[in-house]
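Proteins get letters first, then strands, A, B, ... in listed order; numbering begins at 1 in each. All heavy atoms count here, side chains included; hydrogens, waters and symmetry mates do not.
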Amino acid sequence: MKGRRWIGLRAALVLVVALLLQLTVVSDLRVAGVIGDLMLALVVAAGMTGGADRGVVYGFAAGLLYDLLLDTPFGLSALTYALVGYAVGLAGSALLRTSGWWPVVIAAVAGAVQATLYTSLGNLVGVAYPFGDLPAIALVMAGWCALLVLPLIRVMWWVHGHAEPDRLEVLLR
Amino acid sequence: MAISPPTGSRTRLAIVVAASVTLVVVGLQDAPVIRDVREGAATVTDPIAGAVETVTSPVRNAWHGITDYEDLENENAELREQLEEAQGGEITSSDAERQLADLSLVLELPYATDLPKVVARVVSGPRSNFSHAVQIDKGTDAGIAVGMPVATGAGLAGKVTQVTASSATVDLITDPEFRVGVRIASTGDLGTARGQGRGDPLAVDSSISPRAQVADGTGVVTSGVDRSAFPPGIPVGTVSSTRPGSGGLALEVVVEPAVDFNRLSYLSVLKWQPS
């Protein structure tokens with residue numbers, strides 16, 4: 001078994017690298033003016049491979065790191081990523097025995113849900129994010145998460161070790 | 001199929017949600033500790049992000065080459081047309097410039113009489129879909145401080161909200177949280193303009209009488225009234241439409257920003273701070 005310390009270091013490295021790529025590359029690769037979300041895709045991959053526990057922890061950590069470098073309400077990314085990571089972890093566990101394309105579908109749904117959640121909670125705390133922009137944002141976020149989840153699942157395997165054989169087989173079927 | 005997470009997962013979720021909500025509440029109070037932590041994070045990451053941007057520029061340039069080609073063709077055609085018009089108008093512009101200079105002296109337009117300023121390059125655009133801030137390559141070393149207005153040659157672009165030694169974050173006027181006191185140039189009526197999101201016009205909440213006559217195309221400038229966060233007279237935009245506000249007690253004015261936020265390359269930080 002890999003030491004917990006090394007897992008923690010690898011996880012931290014992956015989060016920091018993802019953050020830097022998000023800030024420099026991904027934020028510049030706009031589709032219809034909308035930015036993709038590498039951090040969210042990483043959270044989704046974490047939830048898919050490690051269940052609700054890992055999803056919520058990665059969600060909180062990734063969201064908090066992202067919030068440090070944004071001008072948006074501090075903690076809102078942490079909250080929405082944690083909720084989505086938890087939900088993805090639950091869904092991933094529940095769909096363990098089904099087709100291997102489910103991770104892509106779940107990732108797409110997670111992207112759209114996070115955009116909706118962020119817009120809604122933002123309005124709840126007094127920031128008038130326009131709901132008119134939401135369909136485009138949700139669509140692009142869903143696309144990015146769907147595109148990136150499978151490679152990021154492999155990144156999670158590198159960090160935490162491969163899943164048990166039956167989970168691995170199902171994910172790649 | 002039943003989805004029943006272990007109790008430990010639910011406890012962990014509850015703790016994380018509670019911590020996140022606490023952070024949101026603290027953050028909304030504009031707590032200095034949050035500001036300091038964010039500035040510290042920016043100080044650490046900006047140099048690294050700059051290096052990563054340099055390394056990854058071929059990827060981003062290739063992406064823009066593919067996605068922006070049609071826009072570039074249209075812009076080329078538009079610029080050729082403007083060049084032809086400019087050449088035709090060159091004869092009359094010199095007279096217009098003289099008149100403007102004379103008028104500025106008479107009206108004492110602050111915006112026309114040069115506040116000290118720092119010109120900075122925009123190094124990155126908004127970092128998320130819900131952010132309306134850009135980063136510039138000058139900071140406290142150049143005399144920039146939080147709260148300073150930021151403009152382009154066209155008008156008001158935003159204000160500085162975060163600053164490190166060599167960089168600053170500029171919150172744009174399109175941010176739904178952005179507020180600026182404005183004056184309708186033709187009538188003198190006052191109001192507060194607020195952003196409505198990227199690509200959307202500003203909405204001016206009034207104070208403006210529903211009987212006010214505000215024609216489309218009328219200029220809107222910063223009001224600079226007592227304790228305003230902006231100096232007076234900076235162009236904000238032009239009126240694109242008006243409609244009765246809710247309750248019929250005031251006129252709602254929609255303002256198209258003067259600045260083209262799709263073409264931000266350089267910004268001028270006005271070294272001015274509210275009294």
Exercise. Go through the atoms of A:V57 and report whether side chain, backbone, both or neither lie under 4.5 Å from a heavy atom of chain B.
Key: side chain
Practice problem: Please name the pair of heavy atoms, one in B:F130 and one in A:Y129, separated by the smallest distance, quoted to 0.1 Å. | Solution: O-CE2, 3.3 Å
Self-check item: Heavy-atom side-chain contact between A:L69 and B:R38 under 4.5 Å
Solution: no
Self-check item: Taking every non-hydrogen atom, the tightest pair across B:L28 and A:P73
Solution: CD2-CB, 4.4 Å
Quiz item: Would you say the side chain of B:R10 lies within less than 4.5 Å of the side chain of A:Y86, judging by non-hydrogen atoms?
Solution: yes
Quiz item: Rounded to the nearest 0.5 Å, how far apart are CZ of A:F74 and CD of B:Q29?
Solution: 14.5 Å
Quiz item: Between B:A133, B:G27, B:G195, B:G197, which shows the greatest number of heavy-atom pairs under 4.5 Å with chain A?
Solution: B:A133
Quiz item: Non-hydrogen atoms of chain B under 4.5 Å away: do they reach the side chain of A:L65, the backbone, both or neither?
Solution: neither
Quiz prompt | Passing option when A:F60 is tested against B:I15, B:L23, B:L13 for side-chain contact (heavy atoms from CB on, under 4.5 Å) | solution = B:L23
Quiz item: In terms of heavy-atom pairs under 4.5 Å, which option from A:T72, A:D71, A:L79 contacts chain B the most?
Solution: A:D71
Quiz prompt | Side chain proximity check, B:S9 to A:R54, heavy atoms < 4.5 angstrom | solution = no
Quiz item: Checking B:S131 against chain A: side chain, backbone, both or neither under 4.5 Å from a heavy atom?
Solution: both
Quiz prompt | chain B contact via A:T119 - which portion, at a heavy-atom distance below 4.5 Å | solution = both
Quiz item: Rounded to the nearest 0.5 Å, how far does OG of B:S20 lie from CG of A:L83?
Solution: 7.5 Å
Quiz item: With respect to chain A, which residue among B:I34, B:D171, B:T56 yields the maximal number of heavy-atom pairs within a distance under 4.5 Å?
Solution: B:I34
Quiz item: For the residue pair B:P126 and A:I35, what are the closest heavy atoms and their distance?
Solution: O-CD1, 3.3 Å
Exercise. Give, as side chain, backbone, both or neither, the part of A:M39 having an atom under 4.5 angstrom from any heavy atom of chain B.
Key: neither
Quiz prompt | Region of B:S128 that comes under 4.5 Å of a non-hydrogen atom in chain A | solution = both
Quiz item: Would you call B:R12 and A:D53 a salt bridge, taking side-chain N to carboxylate O under 4.0 Å as the test?
Solution: yes
Quiz item: Does the side chain of A:M141 reach to within under 4.5 Å of the side chain of B:N129, using non-hydrogen atoms?
Solution: yes
Self-check item: Top contributor to chain B interface from A:V16, A:D67, A:L19 [non-hydrogen pairs under 4.5 Å]
Solution: A:D67
Quiz item: Between A:I137 and chain B, which part of the residue has a heavy atom less than 4.5 Å away: side chain, backbone, both or neither?
Solution: side chain
Quiz item: For B:D46, is it the side chain, the backbone, both or neither that has a heavy atom under 4.5 Å from a heavy atom of chain A?
Solution: neither
Practice problem: Flag yes if more than 12 heavy atoms outside B:Y266 fall under 6.0 Å of its OH atom; otherwise flag no. | Solution: no
Exercise. Find the distance between CG (A:L20) and CD (B:E53) and round it off to the nearest 0.5 Å.
Key: 10.0 Å
Quiz item: Looking only at heavy atoms, what is the nearest atom pair of A:G75 and B:V24, with distance?
Solution: C-CG2, 3.4 Å
Quiz item: Backbone N or O of A:R30 within a donor-acceptor pair of the B:W63 side chain at under 3.5 Å?
Solution: yes
Quiz item: Which one, A:L29, A:T80, A:L121, A:V127, leads in non-hydrogen pairs under 4.5 Å with chain B?
Solution: A:L29
